[in-house]
Amino acid sequence: MNLVSLGAAFLWLLVLVYSILGAIDFGSSYWRFHFHLRGNWLAESVAITYVSPTWELINSFLVVIPVALVGLFPRAAFTYGTILALPATLLLILLALRGGYLQFGYASNLFRKQTIYVAGITGLLLPGLFISLLPLSQGGYVEQTKTGYLLLLGKFFLSPIVYIFIAFGVALSLYLSALFLARYADLGGLTEAYQRFRKGALLTGPLSLFLGALAFTINTPNGLQLLAPSGTNLLWQSLMSLSLIAFVAGFGLLLLPSKGIKSTSRSLWILGLTITQIITAQFAYAISHATYILYPILTFSAAASNASMFRATLVILITGLLIMTPALLWFRRLFIVDAKYVTTHTNEPH
Amino acid sequence: MSQAVMARALFGITLGYHITYATLGVGTPFLIFIAELMNFRTHNPLYRLFAKRLTRVAILLVGVGIVTGTTVAIMLTVLWPKFMEVVGQIINLPFELEVFAFMLESLFLAIYVYGGDRLSPKTRIFSSLCVSIGSGLSALLITDVNAFMNTPIGLTWANGQVEHANPWAAMLNPSMPTELGHVLASAYMAVAFVFAAVAANNLLKPHLTAFERHYHKQNLTITVAVGGIAAVCTALLGDAAGKMLAIYQPEKLAAAEGLFHTTRYAPLVIGGIVNAAQQKIIGGIPIPGLLSFLATYHFNGSVKGLDSFPKWTWPPLIPVHLMFDAMVGIGTFAIGVAFVYFLYHYKARTKPTPRWLLRVIFATGILSMIAIEDGWIFAEEARQPWIIYGMMTVDQAVTTTPGVGWMFGGFMLLFTILLIATVWALHHYFKNHPLQGDDDTNDISGAHTSTTEVTL
């Protein structure tokens, strides 16, 4: 593997990790809103107990991606920076609105209620907006002019495939976060809340699979053919099969009635299988997308930075993530896997 | 308005907001750490109460700072694509490191706030220290990119391309030590005086209980102490920065001091309007030889004047000189205020602080935040027309994409809402959570503290 592929793989890994963390974070805000509207206080408090300490950390992880892009592939950062002026502004405004409200939410009851609405709605929209960058990168919406690149906004926003991707992002985020919160509720021994989230997952799971399959099959206009490696690439075939098997197994476990089972390991298995499903599918997507960072304008190797910067960036990012690991693990022990914390905090009003 | 002016205005106002939140976000965790430390050493619960109330402020400001900071990060790429292309090739390491500083900060802030009574006192000190280190490093690393813009090294700039890049050398550029030190010390100074102003304002209120008086007086003493020490450090580091400028960026120093001709025994002129046509400062107070001394340690040292540089590279002279003097003036004033406060404190231990001094401290809090903004505007304005000194101008760096005007409107609205919301939320929170002697200081997240309203 040469240096550029290593950098591309690392960038892919960052996107993967953020997509999972972000999906859980945004989805959880939505579920909180959802159960708040339906007056299910217990399910709502599970969602908020998780969101409160974690959202800021996940937001900080998002910043790693543009920073890595600028360090490793500055030409890609430049090109995306030019064409994304408007969509990125939209994303930022939604993120800012969400961040602002999550910070201010505690100040009063009036604000608290607005926070639930704003965080919920932005939590629903953001995964869709984020994932719409994928069809954009697959080509067909960027025009090369004399002065630079131009995003054909009209064509982009009128394209059905873009909306399929958006719907897919939203559905997958809801599915994954429902499973995560189900696990979280299960850990705290909150059976009723668990059942609520399970029901949410039962609805969104098949929908996300269907939309995902559509997103893979329908190409953007004159864009990348995502299914191109399906006939020739053995790794691609095995990854996609594994992804499908993981979904079937995970969803199957979710379908089974849970009466009389005391162990909480099943919810963990379901979550693990679903994350496997997502990782393998994203890996296959990465293979389909490989060599191009923006089809057909820019390849990874053409966008790469000079060798000294490239190496220094990789060293810093990888070392940094390794150094942060113990702290992240401590954080996880305190807030994510501490059954006592989940139980006590969901039983108190917030 | 030209595209470049519009983009500068948008980015400048964004940074103006961000600097306020970021400065408070750097200084407040430091004060929390000091309060936790004092609590541990003195077993005085009032410090813990102070830490708790500061934490509410910190969460809010750090959170808004994250929002404005993310905005700045993405806006950089959107508004200044050419600049960021160079940054990506040479000075990206601080940005990368900053991400981890930021992660350290949010991670330990969450642990400190939501860990509650599961943390031992020592773990609490450690967590607050990590938050403070994280936020401090964040500020320093971002400032390092600015230091590179002032004194770019570690590359050969040929035909608009970066060649022979040495990212590590670029990161350790000549401006780095003094500029970073000055920024951090000034943040600690400004924020300490802001909270001193809050304490002073509370002490000025009528009908205080003995408990309230004791609490605010104690806060006043500790914040003025931190602010005074930091102000002295700021001045020393600012002086070192001036000496650095004399060697590496003499044009900026000449512009700041309105010095047109390269001279020995150069005077330091306080105030006055710089007149480019007559090539002198009108109405200022000159102190002979002082500028030479400050820049070179010798009264007969030679200081480069603006005439050594082509006229098109001169920054706007009148505002630059006045902004520089305002910054130095406020810093000096703050040192004086801290000195007078402690003079009273030790001379008349038992007597309350005189009311006029409380009013002066209150004003110093506001002035010190103005000085931070003013200092940054000076630093950027005095580098004009360059975005990277001697390499790339602002006009060359700006985006070609139309629609900056729309972005401008949208962001102004967003920031105004954020500002109003911040002030409103702070006001509302502290109105609903009045100072209580029996406050549960283990519950920093405030989730379980009853408010005067009915909780959900």
Side-chain angles (χ1 to χ4, degrees), chain A residues 52-54 56-57 59-64 66-68 70-71 74-75 77-78 80-82 84-86 88-89 92-93 95-97 99-100 102-104 106-109 111-112 147-148 150 305-306 308-309 312-313 316-317 320-321 323-324 327-328 330-331 334-335 341 345 348-350, chain B residues 59-60 63-64 66-67 70-71 73-74 77-78 81-82 84-85 87-90 92-93 95-100 102-104 106-111 113-115 118 162 165-168 399-401 403 407 410 414 417-418 421-422 424-425 428-429 432 445-448 453-456:
Chain A
S52 297
T54 44
E56 217 165 278
L57 186 65
N59 209 19
S60 79
F61 198 87
L62 169 63
V63 186
V64 184
V67 165
V70 173
R75 279 207 52 201
F78 171 64
Y80 274 106
T82 315
L84 285 181
L86 189 82
T89 308
L92 270 182
I93 287 178
L95 272 177
L97 206 62
L102 281 174
Q103 288 302 333
F104 299 136
Y106 67 83
S108 85
N109 278 341
F111 234 9
R112 237 173 254 234
T147 46
L150 197 70
S305 187
N306 59 64
S308 55
M309 190 60 180
T313 299
I316 282 195
L317 289 179
L321 285 173
I323 292 173
M324 287 304 290
L328 288 166
W330 188 34
F331 182 85
L334 274 176
F335 299 111
Y341 170 77
H345 281 250
E348 288 164 1
H350 285 268
Chain B
I59 295 174
L60 196 87
V64 182
I66 288 172
V67 175
T70 315
T71 312
I74 298 179
T77 328
V78 173
K82 290 275 182 205
M84 286 309 277
E85 211 181 345
V87 165
Q89 293 173 67
I90 181 71
N92 205 33
L93 302 187
F95 276 129
E96 286 156 16
L97 288 168
E98 194 268 344
V99 172
F100 296 106
F102 177 23
M103 231 181 238
L104 185 78
S106 18
L107 190 76
F108 279 97
L109 186 63
I111 289 175
V113 171
Y114 294 95
R118 289 185 296 165
V162 174
N166 182 348
W168 302 100
T399 180
T400 52
T401 312
M407 280 175 69
L414 176 75
I417 292 171
L418 269 181
T422 313
W424 184 84
H428 209 86
Y429 181 83
N432 286 336
S445 75
H448 317 306
E453 293 172 278
V454 185
T455 44
L456 274 173

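In the text below, chain A, chain B and the rest are named by the order of the sequence lines, each starting its count at 1.
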| query | If you count heavy-atom pairs under 4.5 Å between each of A:Gly71, A:Pro66, A:Ala68, A:Pro74 and chain B, which one has the most? | reply |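 Heavy-atom pair counts peak at A:Gly71.
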| field | Rounded distance [0.5 Å steps], CH2 in B:Trp168 versus CE in A:Met309 | value |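 Between B:Trp168 CH2 and A:Met309 CE, I get 9.0 Å after rounding to 0.5 Å.
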| query | With sequence neighbours excluded, what pairs up with A:Leu328 under the side chain to side chain contact (heavy atoms under 4.5 Å, CB included) test? | reply |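 Per chain and number, A:Leu328 pairs via side chain to side chain contact (heavy atoms under 4.5 Å, CB included) with A:Leu57, A:Met324, B:Leu107.
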| request: Would you please name every residue forming a side chain to side chain contact (heavy atoms under 4.5 Å, CB included) with B:Leu97, sequence neighbours left out? | output: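 By the side chain to side chain contact (heavy atoms under 4.5 Å, CB included) rule, B:Leu97 matches A:Ile316, B:Leu141, B:Met171.
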| Engaged part of B:Leu109 at the chain A interface, taking heavy atoms whose separation is under 4.5 Å |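 For B:Leu109, the contact with chain A is made by the side chain alone.
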| task | Examine whether an atom of A:Phe61 lies under 4.5 Å from a heavy atom of chain B, and if so say whether it belongs to the side chain, the backbone or both; otherwise answer neither. | result |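 The answer is both parts of A:Phe61.
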| query | So what's closer than 4.5 Å to chain B heavy atoms on A:Leu321: side chain, backbone, both or neither? | reply |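 A:Leu321 touches chain B through backbone and side-chain heavy atoms alike.
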| side-chain contact (heavy atoms from CB on, under 4.5 Å) between B:Phe100 and A:Ile323: does it pass, once the steps are laid out? | CA-CA 9 Å; B:Phe100 296 106; A:Ile323 292 173; over 6 Å; no
